[in-house]
Amino acid sequence: MSNELYIYNSLTREKQLFNPLNPPFVGMYVCGPTVYNEVHLGNLRTFISFDLIYRWLTVLGYKVRYVRNITDVGHLENDADEGEDKISQRARLEQLEPMEIVQKYTNRFHEVLNVFRCIPPSIEPTATGHLIEQIDLIRIILSKGFAYEVNGSVYFDVKKYAEYYNYGVLSGRNIEELLSGTRDLDGQEEKRNPLDFALWKKAGATHIMRWPSPWGEGFPGWHLECSAMSTKYLGTTFDIHGGGMDLKFPHHECEIAQHCAAHENAPVNYWIHGNMLTLNGKKMSKSDGNFVLPFDLTNGTPPLVDKPYSPLSVRFFMLQAHYGSTLDLSMEALSASDKAFRRLQQAIKDVATISPGATASDFDAQEWANNCKSAMNDDFNSPILIAHLFDAVKIVNACKDKKRSLDALQLTILKDNLNLYFYQVLGLDNPESASSQTELLDGVMNLILDLRKAAREQKDWNTSDKIRNTLQSLDIVIKDGKDGSTWQINN
RNA sequence: GGUCCUGUGGCCGAGUGGCUAGGCAGAGGUCUGCAAAACCUUUUACAGCGGUUCGAAUCCGCUCGGGACCUCCA
């Protein structure tokens, strides 16, 4: 078994042994959402992927500082010089103040992530809260000669930068091809070169979100905030930078360029990119309208969603694929995962009730646990981990049926690791989620099951079926087994 | 058009040279007042063609299909 963590680094395009700069500390920056509307399921997938990564690093004993930004500056609809920004546009549509839009969708974002069991980051900085840092960064870049000011806007000089550094290291592009392949977009007259990107944009007369700067009133460029904030909280070089695959170019490439221009070193050792969630074989996308909202799945919103799915089933569905592969959403795939998840969940409950047997069976619990660990250490391979967990499900069920027994040591290893991986690593539930409400329900259900049992012993099928059918209509399913009946809420 | 990724059984999805993941569905069985559930067992695969090799889903080439990025996007 390997005790070492290997990570697929997008920068080098290979799996590499993870060596943090200052162990046991790890710095991880993940690009967060632009809060001008609801996060969709594809956005959520990325945050769940990095939640898994964060959890595993923590389980390995690292002290992770996890920084994830909120983009609350109104960036323009496109790269043109004029135009309305997204947040202002939304504010106009909803008849709210721009900062109300930002607050509203930030709150919604937190709500969604909480429901889908993502652990909050250590620091969640906002772009508007770091204007000073961003302006400072622009100053440095200007002073080193890698940017130029035109009419109250500042642009990054990509061509100049490429004379000293390798523009395109991350995305594997070369600047000549980019130069020859660029399209002429309207409203980019100020740029010396189409590849140049804005560090600071002058605010037009009607632009609402604006801040003073040495170059006049305006707002920062999109790529800038991540550079400024990651440096502020994680240093000029840090361990992990993550985000969706679609941010690789130009966003992350520009981040690297800004950072190298300002600090003369590479900002990040390990770049991790989560792959896209697709719908109908196409990437989910806000702007294309090809998306599903997280709560559409939990509510069972027609016509796309056939029935309500629990957030944990959705999370499990995503974890059954590797974060680096595309995953296609379909109701067939989701309901398959839903069933699988329930089976796993039941085994997690059942393992607590198993008592050790006198004789050990041939199950090598330690080897099994090692396999689980190796799976996660191999670039956070949650699908392999889940396959191992289902091996354990078989063992648990065999023990439950008294067809097999484990000795005390085997059982302890099995139990501890099942709980570790299910709760802490995959984040599939809160172990302490039993509330006074559920205790109350447990008590009531035990009484009802007792009454039904008595009726069945009297062969009073009318009563026993009435209980079963009525509960069924409340989405409580009675399961008659060999050793009595159990119940489960179907949601 | 350029750059890159990908094509696995009915469906989803791992696997990068030999040891045929896993889940769902299907089939058979156990249990059972009936039903459901649960549990056990189990069939089916590597897009096509050619090459390298003792041996290829895995490496190489070509063909065909799907996708991402090149413009805001996780």
Side-chain angles (χ1 to χ4, degrees), chain A residues 13 30-34 36 39-50 71 75-80 83 85-86 168 171-174 176-178 180-183 185 194-195 222 242-251 253 273-278 281-288 291 316-317 320-322 324-344 346 350 371 375 378 381-391 393-394 397-398 400-401 403 456 459-461 464-465 468-469 472 477-483 485-488:
Chain A
R13 294 179 192 82
V30 174
C31 289
T34 303
Y36 72 103
V39 287
H40 60 63
L41 203 66
N43 303 126
L44 179 62
R45 184 189 180 201
T46 297
F47 299 122
I48 288 178
S49 295
F50 286 100
T71 298
H75 294 297
L76 298 181
E77 283 291 312
N78 55 47
D79 213 15
D85 78 64
K86 290 176 185 170
S171 56
R173 282 152 221 255
N174 76 60
E176 283 77 20
E177 279 170 3
L178 285 169
S180 64
T182 46
R183 286 177 265 172
L185 295 172
L195 291 182
W222 174 44
M245 202 74 97
D246 51 353
L247 296 184
K248 209 175 190 179
F249 190 90
H251 183 58
E253 200 68 72
H273 287 97
N275 216 325
M276 298 293 104
L277 180 69
T278 60
K282 294 261 197 304
K283 172 189 167 185
M284 275 203 194
S285 162
K286 286 181 196 173
S287 47
D288 294 351
F291 64 88
F316 182 78
F317 163 72
Q320 270 193 307
H322 188 256
S325 305
T326 55
L327 171 65
D328 193 62
L329 176 73
S330 66
M331 287 311 113
E332 293 75 21
L334 186 57
S335 70
S337 290
D338 182 54
K339 285 200 172 180
F341 173 64
R342 285 163 191 274
R343 195 153 85 89
L344 177 60
Q346 189 59 48
D350 289 341
N371 288 340
D378 184 12
N381 200 324
S382 54
I384 296 286
L385 169 64
I386 288 170
H388 292 316
L389 295 186
F390 275 101
D391 291 339
V393 169
K394 280 202 168 68
N397 288 332
K400 210 177 97 187
D401 293 347
K403 286 175 182 159
R456 294 180 76 205
K459 298 199 189 297
D460 178 2
W461 310 129
S464 74
D465 287 355
R468 185 172 70 195
N469 294 338
Q472 177 109 49
V477 181
I478 299 287
K479 301 172 181 179
D480 294 330
K482 216 176 196 172
D483 308 317
S485 305
T486 57
W487 62 279
Q488 183 181 314

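Computed over heavy atoms, backbone and side chain alike; hydrogens, waters and symmetry mates excluded. Sequence lines set the chain letters: A, B, ... in the order given, protein chains first and strands last, and positions in each chain run from 1. On a predicted model such as this, the values are computed, not experimentally measured, just so you know.
- For Asp460(A), there are no salt bridge (charged side-chain N to carboxylate O under 4.0 Å, His left out) partners two or more places apart in sequence or in a different chain.
- Per the geometry, CG belonging to Asp288(A) stands 15 Å off P belonging to rU71(B), to the nearest Å.
- With sequence neighbours excluded, the residues forming a salt bridge (charged side-chain N to carboxylate O under 4.0 Å, His left out) with Asp480(A) are Arg452(A), Arg456(A), listed by chain and number.
- Checking rG2(B), rA74(B), rG67(B) against every side-chain atom of Leu277(A), the shortest atom distance belongs to rA74(B).
- Between the Asp401(A) side chain and the Lys403(A) main chain, no donor and acceptor come within less than 3.5 Å of each other.
- Using a 4.0 Å cut-off between a side-chain N of Lys or Arg and a carboxylate O of Asp or Glu, Asp465(A) and Arg468(A) qualify as a salt bridge.
- Here the separation of rG17(B) from rU30(B), taken at their P atoms, is 44 Å to the nearest Å.
- Residue-level contact check: His251(A) touches neither bases nor backbone, having no heavy atom under 4.0 Å from any strand.
- Regarding contacts with the backbone of rA14(B), a side-chain N or O of Ser325(A) is found under 4.0 angstrom from either OP1 or OP2.
- Taking atom C1' on both nucleotides, rG18(B) is separated from rA27(B) by 32 Å, rounded to a whole Å.
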Side-chain atoms of residues 324-332 of chain A: list all donor-acceptor pairs with protein atoms under 3.5 Å, sequence neighbours left out, distances to 0.1 Å.
residue	atom	partner	partner atom	Å
Asp328(A)	OD1	Thr278(A)	OG1	2.6
Asp328(A)	OD1	Gly281(A)	N	3.0
Ser330(A)	OG	Ala333(A)	N	3.2

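- As judged by a 4.0 angstrom heavy-atom cut-off over every strand, Gly243(A) is placed among residues touching the sugar-phosphate backbone only.
- Judged as a salt bridge (charged side-chain N to carboxylate O under 4.0 Å, His left out), and not counting sequence neighbours, the contacts of Lys283(A) are Asp246(A).
- Here Asn381(A) reaches the OP1 or OP2 of rG15(B): one of its side-chain N or O atoms lies under 4.0 Å away.
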For RNA chain B, please output the secondary structure as dot-bracket, reading 5' to 3'. Pairs are Watson-Crick or G-U wobble, both atom distances under 3.5 Å; mark crossing pairs with [ ], other-strand partners with |, unpaired with a dot. (((((((..(((.....[...))).(((((.......)))))....(((((..]....))))))))))))....

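- In terms of the side-chain contact (heavy atoms from CB on, under 4.5 Å) criterion, Ala336(A) has no residue partners (sequence neighbours excluded).
- In this view, Phe249(A) satisfies the ring-ring contact (aromatic ring centres under 6.0 Å, His included) rule with no residue, not counting sequence neighbours.
- At a threshold of 4.0 angstrom between heavy atoms, the contacts of Gly242(A) with the nucleic acid are absent.
- Here rG66(B) presents its C1' atom at 13 Å from CG of Asn275(A), a figure rounded to the nearest Å.
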With B for base contact, S for sugar-phosphate-only contact and - for none (protein heavy atoms under 4.0 Å), nucleotides 20-36 of chain B reads -BSSSS-------BBBB

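- Every residue was checked against the salt bridge (charged side-chain N to carboxylate O under 4.0 Å, His left out) condition with Lys248(A), not counting sequence neighbours, and none meets it.
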